[in-house]
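Below: one structure, written as structure tokens.
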Amino acid sequence: MKERIEKALNDQIKKEASSSQFYLAMASWAETKGLNGTAKFLYQHSDEERFHMLKLVKFVNERGGNALIPALEKPPVNYETLENIFESLLEHEMEVTESINNLVDICLQEKDYTTHNFVQWYVSEQLEEEALARTILDKLRMIGSDKGGLYLFDRDLENSAISPDPAAQ
Ligand code: FEO
């Protein structure tokens, strides 16, 4: 594996690991606020990001590279509102998408078509994750500060089939 590709993949490993940690912090905050549906959704999302990271780790090692397990920064502890959480989540996912697109570019420049093929899975995944975050944000903006609406939103997320399921991928 070319050095430039290995570095780009290792950078992506760090991004996925940070996403997992970030969503874990959000999940924990939601749980302490009694928002059990939101917490469940975010815990699952955190697991999904860990799965994204693991998939990269295994790919790098299987292709003769060395996957680097990174140190992570502490994510925020407090969040103001649910809208605030999902805005941060969408913003974060958009950064991840940019990073995946950059990885695709590097694969093409280096003519590494195997890695390019592998990365396509992440391209589709980002499309879905951004769409999901936007749908949730739209709902929250519609609800505003209506407590009854927020209660129903949280209950919907708890029963929702939209929750990410890493084992199914
Ligand atoms: Fe793995 Fe949500 O990016």
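Position 1 is the first residue of the sequence; numbering continues from there. Note that ligands are numbered from 1 as they come in the structure, with each ligand's atoms numbered from 1 the same way.
- Judged by distance alone, the side chain of Ser28 and the main-chain N or O of Leu24 form no donor-acceptor pair under 3.5 Å.
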(request) Could you go through the salt bridge (Lys or Arg N to Asp or Glu O under 4.0 Å) check for Glu87 and Arg141 one step at a time? (result) CA-CA 11 Å; Glu87 269 166 4; Arg141 284 179 181 147; 3.2 Å; yes

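- Within Glu49, the N, O or S atom lying nearest to atom 1 (Fe) of ligand 1 carries the name OE1.
- Nearest heavy-atom pair, Leu150 versus Ile143, reported as atom, atom and distance to 0.1 Å: N-CG2, 3.6 Å.
- Take the N/O/S atoms of Glu129: the one nearest atom 2 (Fe) of ligand 1 is OE1.
- Note: angle at atom 1 (Fe) of ligand 1, from OE1 of Glu16 to ND1 of His52, is 100° (rounded to 10 degrees).
- When every heavy atom of Gly65 is checked against every heavy atom of Asn61, the shortest pair comes out as O-OD1, 3.5 Å.
- Atom 2 (Fe) of ligand 1 has an N, O or S atom of Glu93 under 2.8 Å away, backbone or side chain.
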